[in-house]
Amino acid sequence: MPGHAESQRLLSYPFVTLCLVALFGFGNIAVFYGLYPYLESIGISPVWSGLILALEPMTAFFLRPCISPRLGPHNALFVMRLSLALTALALLSYPLTHSVFLLAAIRVVHGAAFVALVSAAASLLVHFIPPERSAQGFGVFTLITLLPFALMPPLTEMLLRLVPSAAHAYAWMSLVTLPALLLLARLGPYARKAAALHPHDRSVSGLEQIRTALATPGIILMLGACLCTFFSSSLLFFFMKGFAQSMGLANAGLFFTVSTGATIAVRLFGSMYFDKLDKTRALIMTLLFLAVCYGSYTLVRSPLPFLLAAAGFGAAMGVALPLLQSSLFVLADPAKRGLTTNLMLSTMDAGLFLGPYLGGTLLDAGLSHAGLFRISAGMALVACLFVRLRRIPNAPVSQP
């Protein structure tokens with residue numbers, strides 16, 4: 001039945017469609033793994049480069065709490081269509097300027113479009129995930145959204161041989177918005193059914209909705225763990241290309257291919273077991289292993305250990321993220337699962353903002369890439385502590 005999340009069926013038409021729309025949406029983010037070197041190549045200083053890099057997730061960080069309480073199945077499709085159109089315009093604008101001010105403006109528009117797309121998709125997606133299969137559902141969803149991070153870096157490296165600059169590669173990515181718009185065309189009946197089953201309460205302010213969502217026991221601790229996890233991983237994502245080049249690796253995209261390939265393998269073969277795990281114990285062990293993976297990058301000096309550490313990092317993230325998402329889903333008030341999911345995405349925005357901004361500033365101040373990765377290891381340990389402070393139930397919270 002459209003919009004009925006309590007069904008045992010996970011791979012429904014709306015669930016699969018929203019996953020594919022997210023796939024195209026994240027594709028236009030994965031292509032920016034080399035934005036920092038590109039900005040340096042056109043003469044922008046490291047400090048300004050770090051800020052421009054951070055503006056897209058920073059915009060998402062500030063905008064998502066404002067729009068999330070207002071999103072639901074009643075308006076998600078309209079917001080997603082508008083967001084895809086703005087995303088295409090932003091991507092087409094990158095080759096048109098080398099100005100710091102204009103590039104900053106493009107990143108703000110791009111960030112606003114992306115956050116609206118993902119937030120709207122999440123507000124609709126939660127209505128098609130059975131609570132008893134939440135970890136598997138988020139495992140599948142995040143698996144789909146990770147595919148661009150495995151495919152886009154090496155494909156972009158090949159595309160860079162054919163186009164004048166990285167900015168032109170970004171412009172070509174605007175084409176992926178077309179199939180995404182086509183996929184949304186048949187979701188109308190499902191969205192209307194979900195809206196009828198879960199009417200949106202417009203009488204309560206957005207801030208009040210966020211306050212009550214955060215008041216649920218354990219939610220703040222789990223959001224803190226998410227923030228630490230996203231911040232630590234963003235340092236690797238945005239600064240790994242420079243580190244790989246310093247080691248003489250010709251194709252820095254191999255890190256993303258290997259790490260994301262490991263994440264995908266874990267999701268493919270392990271997602272069916274995620275709901276059967278003791279979430280607290282599994283998360284603690286996974287985050288400890290993730291800290292070891294970050295620390296190992298301070299020791300590697302050749303390609304093979306580099307790629308082995310990439311595989312370990314990818315496998316750990318493959319377990320950690322769906323378990324964190326599922327834990328929030330289980331702990332949340334059932335009426336606020338969409339909002340809680342978007343609050344988790346706000347921690348992603350914050351991590352993706354803090355990573356490039358602080359990372360660029362620290363590198364400019366003389367810190368090494370190894371130093372950045374030590375910070376990542378420390379943040380993974382802090383995330384482990386947050387999880388340790390709150391026992392996570394394995395069964396979904398019963399519906400009222």
Could you grab the distance from atom [atom1] of [X] to atom [atom2] of [Y], nearest 0.5 Å is fine?
X	Y	atom1	atom2	answer
Leu77	Arg192	CG	CZ	8.5 Å
Leu84	Arg81	CG	CZ	9.5 Å
Phe32	Leu91	CZ	CG	5.5 Å
His168	Leu92	NE2	CG	11.0 Å
Met285	Phe289	CE	CZ	10.5 Å
Thr17	Phe128	OG1	CZ	9.5 Å

Which atom of [X] lies closest to which atom of [Y], heavy atoms considered:
X	Y	result
Ala225	Leu324	CB-CD2, 4.0 Å
Ala316	Thr286	O-CG2, 3.2 Å
Gly318	Thr263	CA-CG2, 3.4 Å
Thr177	Ala88	OG1-CB, 3.7 Å
Ser234	Gly351	OG-O, 2.9 Å
Ala309	Ser296	CB-OG, 3.4 Å

Indicate yes or no: at least one non-hydrogen side-chain atom of [X] is less than 4.5 angstrom from one of [Y].
X	Y	answer
Leu39	Trp48	no
Phe24	Leu183	yes
Ser233	Phe313	yes
Leu283	Met222	yes
Ile284	Arg281	no
Phe141	Leu18	no
Arg186	Tyr13	yes
Leu328	Cys226	yes

Heavy-atom donor-acceptor pair, [X] side chain to [Y] backbone, under 3.5 Å:
X	Y	result
Ser41	Tyr38	yes
Tyr297	Leu236	no
Ser259	Ala310	no

Can [Y] be reached from [X] by stepping across I, L, V, M, F, W or Y side chains whose heavy atoms are under 4.5 Å apart?
X	Y	result
Leu63	Phe78	yes
Leu227	Leu331	no
Leu175	Val163	yes
Val292	Phe231	no
Leu20	Phe15	yes

Inset, instruction - Before giving the answer on side chain to side chain contact (heavy atoms under 4.5 Å, CB included), spell out for Ile42 and Ile44 the whole-Å C-alpha distance, their side-chain angles and the decisive distance to 0.1 Å. - result: CA-CA 6 Å; Ile42 61 175; Ile44 297 177; 3.8 Å; yes
Without placing hydrogens or testing angles, list every side-chain donor-acceptor pair under 3.5 Å for residues 368-384, not counting sequence neighbours.
from	atom 1	to	atom 2	distance (Å)
Ser368	OG	Ala370	N	3.4
Ser368	OG	Gly371	N	3.1
Ser376	OG	Ser232	O	2.8

Check: residues 97-111 side-chain donor-acceptor pairs under 3.5 Å, at least two apart:
from	atom 1	to	atom 2	distance (Å)
Thr97	OG1	Ser99	N	2.9
Ser99	OG	Phe101	N	3.3
Ser99	OG	Leu102	N	3.3
Arg107	NE	Ile52	O	3.1
Arg107	NH1	Tyr94	OH	3.3
Arg107	NH2	Leu53	O	2.8
His110	ND1	Tyr94	OH	3.0
His110	NE2	Asn28	OD1	2.5

Inset, instruction - Start with the C-alpha gap between Phe329 and Gln325, add the side-chain angles, then the distance that decides, and say whether side chain to side chain contact (heavy atoms under 4.5 Å, CB included) holds. - result: CA-CA 6 Å; Phe329 187 93; Gln325 291 172 304; over 6 Å; no
N/O donor to acceptor pairs below 3.5 angstrom from side-chain atoms of residues 114-125, sequence neighbours left out:
from	atom 1	to	atom 2	distance (Å)
Ser119	OG	Arg64	NH1	2.7
Ser119	OG	Val115	O	2.7
Ser119	OG	Asn342	OD1	3.4
Ser123	OG	Ala120	O	2.7

